[in-house]
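Here's the structure, in structure tokens; my notes come after.
We name chains A, B, ... by the order of the sequence lines, and we start the count at 1 in each one.
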Amino acid sequence: MHKAPRGTFDILPQEHAYWKYAEEKAVSLCLLYGYQPLSTPIFEDAQLFTRTVGGGTDIVDKEMYVFQDKGGQELALRAEGTAPVCRAYLEHGLFNLAQPVKLYYIGPAFRYERPQAGRYRQHHQFGFEALGEADPVLDAEVIEMAWRLFISLGLSGVSIQLNSIGCKLCRPGYLEVLRQHYSGYAERLCSDCKARLTRKPLRLLDCKQAVCQEIAGTAPKTTDHLCHECRLHFETVHGYLGTLGIPFYLNHRLVRGLDYYTRTVFEVEPQEKGGQSSLGGGGRYDDLIETLGGNPTPGVGFAAGLERIVLNLKRESPDIPPLPRPVAFVAYLGPEAKIEALKIASELRKAELAIIMATGDKSLKGQMRQANSLGSTYAVILGKEELSNRNAILRDMGSGDQQTVPLTELTRVLKQGQK
RNA sequence: GUGAGCGUAGCCUAGUGGUUAAGGCGCCAGGUUGUGGCCCUGGAGAUCGUGGGUUCAAAUCCCACCGUUCACCCCA
């Protein structure tokens, strides 16, 4: 027996009610803010990710699905959403459009990780990006969108964590100060942090080991070492968020696991926190497009994990609209009626009515059971008697009322009854 | 990659060494002529995660592997 590969899963019809709900909310949010859809391939040149996400990050070093195709191309399954969007922006000359260019995407991403709740090897990301504009008002817009997404989904108690990690001008200076702070404690650090000290010093800040937390607690803050422009930018973002009434918490330990972030970084946490709690995260990436060979072009964006949204939807269970049900189930008795049922089902479907036709020559009782379990609004019943009079019985499955309707009237009556 | 818990029909669960592995949900059929939901009756459906081992005898004990969950890690 084959099983879905480790860390992957099937989304069964029942489940899709949640997914459809989440995706529809996400898409309508984006359209509301003027973000347009962009779909990118499921695999890309591996370099696209190694150059942007950064060597030394776990994503690049140990989690990417990298393979060679038959032409010897080194490809990688999409590891995250932002770099492909920037690639498409450059490839199609979207910098020639009025800036900023606002795009959104929904699609799978792949990382070879140890699966657990809320963490999969294939997960689905929804994200939006605004490219070509450095105005802090866009940072605020993106954060507002992230906030509004979860509000519109009906998830209560989500919170936004905010920080600024500076730019390529001020960050080196900060990292120096940070290393100095840690130099006295090098012996006491956990083994991971000893490695971070030279490779990824920013990540020292979000280590969860008790010892390291203590040291990180007294560490210098990124926000105290921002250059003038970065500080101004950050303060302006605060101001705009205040104007918008978006609540947020400053978190001086918030850094992100991808190298391309500059200045604003933020994360969205649900009310109920667990191991894999983060619902989504984002920030500014003003050097990313330049890294890909474009002209210096600022960008800011956000990405959320649909699995984690669905997880929280189930936990809080706001009203999720059920999947659509058939308007009518067409039942028949005997081979002549079956032919007529086939014609009628086809006609009704031409009129955009969702119809399920009986199959397999079951007893009427069996057919009615099926109509019931499918949640059909009506049953259309065709027997010998109805057939000879060119009628059908129309049964309302909710009330149990039934009437005889001429076949020629069936579409009209069902159309009316659909509401 | 590290540590821990779990793995019995599609789903949930009982069964901790001894005859045909039990129940509930769901599914299928029937409860007299062509009518669902409730109820009743019957039926199908399980190599007890996989492979080895211990034993006269293993779902039950041991080992390995796989999967899953939780934590670390990482991040969405």
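Counting to the nearest Å, the P atom of B:G1 and the CD1 atom of A:Ile59 are 18 Å from each other. Between A:Met64 atom CE and B:A76 atom C1' the separation is 17 Å, expressed in whole Å. The distance between atom CG of A:Asp61 and atom P of B:C74, rounded to the nearest whole Å, is 12 Å. Between the P atom of B:A76 and the CZ atom of A:Phe110 lies a distance of 16 Å, rounded to the nearest Å. A:Leu374 has its CG atom 13 Å from the C1' atom of B:C27, to the nearest Å. Atom CG in A:Leu306 sits roughly 13 Å away from atom P in B:A76 (whole-Å rounding). A straight line from CZ of A:Phe9 to P of B:U68 spans 12 Å, rounded to a whole angstrom. What separates NZ of A:Lys200 from C1' of B:C74 is a distance of 14 Å, to the nearest Å.
Every residue two or more places apart in sequence or in another chain that forms a side-chain contact (heavy atoms from CB on, under 4.5 Å) with A:Phe110 is listed here: A:Ile42, A:Tyr65, A:Leu77, A:Pro108, A:Gln122. Partners of A:Gln402 according to the side chain to side chain donor-acceptor pair (under 3.5 Å) rule, which considers only residues two or more places apart in sequence or in another chain, are A:Arg395. Every residue was checked against the ring pair (Phe, Tyr, Trp, His ring centres under 6.0 Å) condition with A:Tyr104, not counting sequence neighbours, and none meets it. Not counting sequence neighbours, A:Lys384 has no partner by the side-chain contact (heavy atoms from CB on, under 4.5 Å) test. Under the salt bridge (charged side-chain N to carboxylate O under 4.0 Å, His left out) criterion, A:Glu316 pairs with no residue at all, not counting sequence neighbours. Take A:Tyr249 and apply the side-chain contact (heavy atoms from CB on, under 4.5 Å) test, not counting sequence neighbours, and it matches A:Ser159, A:Gln161. In this structure, the side-chain contact (heavy atoms from CB on, under 4.5 Å) partners of A:Thr50, at least two apart in sequence or on a different chain, are A:Gln47, A:Val60, A:Met64.
If A:Ala4 and A:Thr57 are placed on RNA chain B by their nearest nucleotide, the residue sitting closer to the 5' end is A:Ala4. The nearest heavy atom of RNA chain B to A:Thr8 and to A:Cys207 marks one nucleotide each, and the one closer to the 5' end goes with A:Thr8.
B:A59 and B:G1 have their C1' atoms separated by 33 Å, given to the nearest Å. Comparing B:A14 with B:C61, their P atoms are spaced 15 Å from each other, to the whole Å. Between the P atoms of B:G49 and B:U60, the separation comes to 8 Å (whole Å). Between the P atoms of B:A46 and B:A21, the separation comes to 12 Å (whole Å). A gap of 26 Å separates the P atoms of B:U33 and B:C25, to the nearest Å. As rounded to the nearest Å, B:G17 and B:U54 have C1' atoms that lie 12 Å from one another. For B:C12 and B:C27, the C1' atoms lie 16 Å apart once the distance is rounded to whole Å. For the C1' atoms, the distance linking B:G67 with B:C48 amounts to 16 Å, nearest Å.
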Which atoms of nucleotides 4-12 of chain B (N or O only) lie under 3.5 Å from a protein N or O atom, and what are those distances?
none

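As judged by a 4.0 angstrom heavy-atom cut-off over every strand, A:Arg111 is placed among the base-contacting residues. Nucleic acid contact for A:Phe329: none, since no nucleic acid atom lies under 4.0 Å from a heavy atom of the residue. Residue contacts shown for A:Ala371 are absent, as no nucleic acid heavy atom lies under 4.0 Å away.
The partner of B:C28 is B:G42, judged by Watson-Crick or G-U wobble contacts that both fall below 3.5 Å. Checking B:A64 for Watson-Crick or G-U wobble geometry (two distances, each under 3.5 Å) identifies B:U50 as its partner. Nucleotide B:A22 forms a Watson-Crick or G-U wobble pair with B:U13, both donor-acceptor distances falling under 3.5 Å. With a 3.5 Å ceiling on both atom-pair distances, B:U35 lacks any Watson-Crick or G-U wobble partner. If you check B:C72 for Watson-Crick or wobble pairing at under 3.5 angstrom, you find it paired to B:G1.
Pairing each heavy atom of A:Glu80 with each of A:Phe49, the nearest pair is O-CE2, 3.6 Å.
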Taking distance alone, no hydrogens or angles, what donor-acceptor pairs closer than 3.5 Å link side-chain atoms of residues 139-149 of chain A to residues at least two apart or in another chain?
residue  : atom : partner  : partner atom : Å
A:Asp139 : OD1  : A:His233 : NE2          : 3.4
A:Asp139 : OD1  : A:Arg284 : NE           : 3.0
A:Asp139 : OD1  : A:Arg284 : NH2          : 2.7
A:Asp139 : OD2  : A:His233 : NE2          : 2.9
A:Asp139 : OD2  : A:Thr264 : OG1          : 2.7
A:Asp139 : OD2  : A:Arg284 : NE           : 3.1
A:Glu141 : OE1  : A:Lys102 : NZ           : 3.4
A:Glu141 : OE2  : A:Tyr35  : OH           : 2.7
A:Glu141 : OE2  : A:Lys102 : NZ           : 2.8
A:Glu144 : OE1  : A:Tyr33  : OH           : 3.1
A:Glu144 : OE2  : A:Arg148 : NH2          : 3.3
A:Arg148 : NH1  : A:Tyr33  : OH           : 3.3

For residues 349-356 of chain A, tabulate all N or O donor-acceptor pairs below 3.5 Å that involve a side-chain atom, not counting sequence neighbours.
residue  : atom : partner  : partner atom : Å
A:Arg349 : NE   : A:Ile355 : O            : 3.4
A:Arg349 : NH2  : A:Ile355 : O            : 2.9
A:Lys350 : NZ   : A:Glu347 : OE2          : 3.2

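A donor-acceptor pair shorter than 3.5 Å cannot be found between the side chains of A:Arg390 and A:Thr408. The closest side-chain donor-acceptor pair between A:His123 and A:Gln125 falls under 3.5 angstrom.
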Q: Produce a footprint string for nucleotides 28-40 of chain B: one letter per nucleotide, 5' end first; B if the base is under 4.0 Å from any protein heavy atom, S if only the sugar-phosphate is, - if neither.
A: -BBB--BBBB---

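Stacking annotation: A:His123 is stacked on the base of B:A76 (ring centroids less than 5.5 angstrom apart, interplanar angle below 30 degrees).
Stacking of A:Lys62 on the aromatic ring of A:Tyr112 is not recorded, the 6.0 Å distance cut-off and the 45° axial limit not both being met.
Residues of residues 18-36 of chain A that place a heavy atom closer than 4.0 Å to RNA chain B do not occur.
Remark: A:Arg6 is not in phosphate contact with B:C66, judged by side-chain N or O atoms under 4.0 Å from OP1 or OP2.
Using cut-offs of 30° and 60° on the angle between ring planes, the pair A:Tyr185 and A:His181 is tilted.
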